[in-house]
Protein chains: 4
Amino acid sequence: MSRKKTIDQAMLFKETEKLIMESGYSGFHFKALSARLGVARSTIYNYYTKKEELVTDYMVHLLENAVAQMDNVDQEEEPVKELIRLWSKYANMHQMLQIMPYIDKKASPAVEENTKKMFGLFIKMKAKIEATLKAGQMKGVVRDDIHMKTIVGLVMSTVQIPVHHETLDEWVNEVYQLLMSGLKK
Amino acid sequence: MSRKKTIDQAMLFKETEKLIMESGYSGFHFKALSARLGVARSTIYNYYTKKEELVTDYMVHLLENAVAQMDNVDQEEEPVKELIRLWSKYANMHQMLQIMPYIDKKASPAVEENTKKMFGLFIKMKAKIEATLKAGQMKGVVRDDIHMKTIVGLVMSTVQIPVHHETLDEWVNEVYQLLMSGLKK
Amino acid sequence: MSRKKTIDQAMLFKETEKLIMESGYSGFHFKALSARLGVARSTIYNYYTKKEELVTDYMVHLLENAVAQMDNVDQEEEPVKELIRLWSKYANMHQMLQIMPYIDKKASPAVEENTKKMFGLFIKMKAKIEATLKAGQMKGVVRDDIHMKTIVGLVMSTVQIPVHHETLDEWVNEVYQLLMSGLKK
Amino acid sequence: MSRKKTIDQAMLFKETEKLIMESGYSGFHFKALSARLGVARSTIYNYYTKKEELVTDYMVHLLENAVAQMDNVDQEEEPVKELIRLWSKYANMHQMLQIMPYIDKKASPAVEENTKKMFGLFIKMKAKIEATLKAGQMKGVVRDDIHMKTIVGLVMSTVQIPVHHETLDEWVNEVYQLLMSGLKK
DNA sequence: CATGAATGAGGCTTCATTCAT
DNA sequence: GATGAATGAAGCCTCATTCAT
């Protein structure tokens with residue numbers, strides 16, 4: 001009744017994420033990954049023949065989820081707040097995106113395609129954020145005297161704010177307030 | 001006496017920064033570095049025997065400069081704005097700091113010491129930012145109903161906002177306004 | 001399942017010994033070793049990740065065998081003679097021990113442990129020789145007017161005497177006689 | 001009145017010997033040597049353009065001295081004892097000779113010549129020892145029922161016996177006695 | 001499919017040696 | 001002569017990847 005020495009994509013993705021989060025892209029090897037999965041290194045090659053493929057596949061998957069969720073933001077009462085909440089939930093995604101520049105996009109056609117997909121998804125995501133903010137401007141809730149790109153930039157950068165709060169909701173509330181009314185007293 | 005030097009520390013630092021900015025820490029090798037400097041790989045070893053030493057030396061240098069400049073922030077009329085300006089100027093520093101986790105701190109005693117120094121400088125820097133914001137609270141210009149850490153976090157995260165402006169000053173102005181009065185109309 | 005092994009530890013040990021005997025420790029590289037084994041250099045790293053580990057592993061193995069054999073010396077009629085025979089059989093071991101000072105003991109924990117083991121085995125071996133000689137003294141066959149350490153030293157140094165004899169037995173006989181009754185006519 | 005940053009051959013030889021004794025041949029570098037001499041590494045190249053030349057020059061020098069001293073052994077009352085004493089005095093020489101196999105004899109013509117010289121001197125030395133022992137046989141003091149080579153071998157191997165004695169003379173006496181009358185009671 | 005075995009490519013470092021001043 | 005600077009050769013090691021079973 002030996003434990004199945006087999007792996008599925010869910011596990012692959014989970015461990016990929018964990019490994020990259022902990023060790024960065026340079027610390028992400030099939031060696032380390034296989035160790036965590038408890039399989040032989042070569043086994044992973046039955047699923048992915050390029051480590052870039054695995055990574056980019058995972059990232060596409062991540063982005064797709066995020067974009068899907070953002071589609072529902074506008075149904076909420078305070079869309080911007082909801083955006084912040086969602087965004088923070090995908091803090092790992094943000095980190096993952098930072099490793100993009102170091103991935104060899106030419107590694108394989110699949111990687112190239114994934115890269116394009118990601119680029120598209122990222123654009124979509126930004127557009128979504130922008131749309132939400134624009135809607136805010138229409139309703140007169142968001143200022144329009146500042147370049148939209150700057151506003152989007154600030155909103156997106158909030159993901160970096162460390163969480164020293166009891167709950168994520170608390171963090172969201174504080175950041176939202178700060179973001180909306182500014183530092184000024 | 002001896003032959004003329006073809007490289008010096010200033011060049012080393014400059015190319016180190018450029019290389020890391022372009023290729024990240026995993027793309028930072030003495031091989032690549034020497035190619036850019038137009039010297040043999042082993043030549044660099046006459047200056048630094050560990051790549052970690054070069055990198056951390058550079059980072060210490062960077063942080064020291066930044067901290068030194070921050071000391072003058074309070075003499076300005078709008079210290080927070082000045083902070084933003086300064087902070088943005090050191091956007092590269094911010095990126096450099098992100099590679100810290102991937103540096104082998106035990107590589108050599110010199111590296112260990114540099115790491116400690118950097119940690120100290122970073123603390124100092126955060127303290128400086130906090131002090132500036134606290135002074136703002138005293139003067140009644142900065143709100144005090146939000147955790148200081150969150151405020152500091154937001155200020156520090158602005159470094160990530162991309163610059164799509166004509167001049168840096170424009171960027172600073174926009175970000176400053178946005179930061180101070182918030183998104184709300 | 002997997003490919004057939006082309007090398008095993010026995011081969012590794014054999015070639016390690018030969019290489020060190022012929023080229024000394026400074027001539028012992030995985031490069032040279034792999035050439036002799038007819039495999040790629042990196043292949044050896046699948047067995048030993050540090051050359052020090054391979055060498056010390058081999059030396060421990062050698063010493064263990066030698067010590068084990070010495071345990072039976074006393075059952076022989078002329079234990080001292082048997083000692084000489086055995087000792088000479090391990091002439092390579094003697095040479096191997098001479099490289100000890102040049103091995104980086106801190107190369108890895110495994111190396112450190114091996115070093116300790118070897119030290120212990122060496123002590124044991126010396127003690128064994130001493131015990132055999134002491135037994136000789138008890139039986140009145142070995143003189144006791146000279147420091148034991150000097151006697152042990154002389155016995156151990158015989159390993160250096162070159163063999164210009166037809167057979168090893170001849171060598172053993174001559175050396176034994178010489179050792180026992182001295183140069184004097 | 002700055003200290004002359006100059007070196008002479010005596011210093012070169014002295015430090016060469018010390019360095020090899022402490023670190024073996026693999027630990028003998030011009031880098032380490034120059035550090036000990038307090039000069040630049042390249043300075044040594046004004047004296048010796050090949051490290052093998054320096055080492056073999058030193059060894060020739062050492063052997064020449066030893067051989068010269070052995071020439072006087074026969075004038076002593078107990079020539080064999082004198083031989084032991086002398087031999088022990090040149091324990092370092094013995095160690096130096098052991099590194100011979102690892103020296104690249106083809107490094108330069110000078111090295112090749114030195115190697116030949118050393119070989120000749122070594123032969124001479126062995127012959128000297130043999131002659132002394134033969135003279136002993138003539139006088140009926142040294143046995144002649146054992147191959148001369150074995151006897152010479154034993155005498156030469158005594159250099160390995162560690163010195164745990166108060167004085168060198170004590171060591172010489174013990175070893176001499178042991179050597180002459182053997183282990184037997 | 002899973003795997004152990006083998007390997008090449010690439011990065012790290014040290015050191016002997018040469019060169020220009 | 002003495003020296004600092006530059007360099008190539010050589011050794012160390014890790015990891016992605018391929019292959020045979």
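Remember, it's a predicted structure, so these values are computed and weren't measured experimentally. Every chain is numbered from 1 and lettered A, B, ... according to where its sequence line falls, protein lines coming before strand lines.
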Participant: Verify, without hydrogens or angle tests, whether A/S23 (side chain) and A/I20 (backbone) share a donor-acceptor contact under 3.5 angstrom.
Facilitator: no
Participant: Between E/dT17 and D/Y45, is there an OP1 or OP2 to side-chain N/O distance shorter than 4.0 Å?
Facilitator: yes
Participant: For E/dA2, does the base pair up with any side-chain atom of A/N46 as donor and acceptor (N or O, under 3.5 Å, distance only)?
Facilitator: yes
Participant: My understanding is that only one of C/L37, C/T43, C/I44 makes a side-chain contact (heavy atoms from CB on, under 4.5 Å) with C/F30; could you say which?
Facilitator: C/I44
Participant: Would one find a side-chain N or O of D/Y47 under 4.0 angstrom from OP1 or OP2 of F/dA2?
Facilitator: yes
Participant: Within the structure, does a side-chain N or O atom of B/K50 lie under 4.0 Å from either OP1 or OP2 of E/dT13?
Facilitator: yes
Participant: State whether A/S42 places a side-chain N or O below 4.0 Å from either non-bridging phosphate oxygen (OP1 or OP2) of E/dA2.
Facilitator: no
Participant: Which ones in residues 98-116 of chain B lie close to DNA chain F, meaning a heavy atom under 4.0 Å from one of its atoms?
Facilitator: none
Participant: Identify whether the distance between the nearest side-chain nitrogen and carboxylate oxygen of C/E15 and C/K18 falls below 4.0 Å.
Facilitator: yes
Participant: Please tell me whether D/Y25 and C/Y102 form a close aromatic pair, meaning their ring centres lie under 6.0 Å apart.
Facilitator: no
Participant: Using a heavy-atom cut-off of 4.0 Å across all strands, would you classify A/F30 as base, sugar-phosphate, or nothing?
Facilitator: sugar-phosphate
Participant: Do the side-chain N or O atoms of A/K31 get closer than 4.0 angstrom to the phosphate oxygens (OP1, OP2) of F/dT14?
Facilitator: no
Participant: Rounded to whole angstrom units, what separation is found between the CD1 atom of A/I44 and the P atom of F/dA16?
Facilitator: 9 Å
Participant: Could you summarise the pairing of DNA chain E as dot-bracket text, marking Watson-Crick and G-U pairs under 3.5 Å with ( ) or [ ] inside the strand and | across strands?
Facilitator: .||||||||||||||||||||
Participant: Do side-chain atoms of D/K105 reach the backbone of D/M100 as a donor and acceptor pair under 3.5 angstrom?
Facilitator: yes
Participant: For a 4.5 angstrom cut-off between non-hydrogen side-chain atoms, does C/L33 reach C/H29?
Facilitator: no
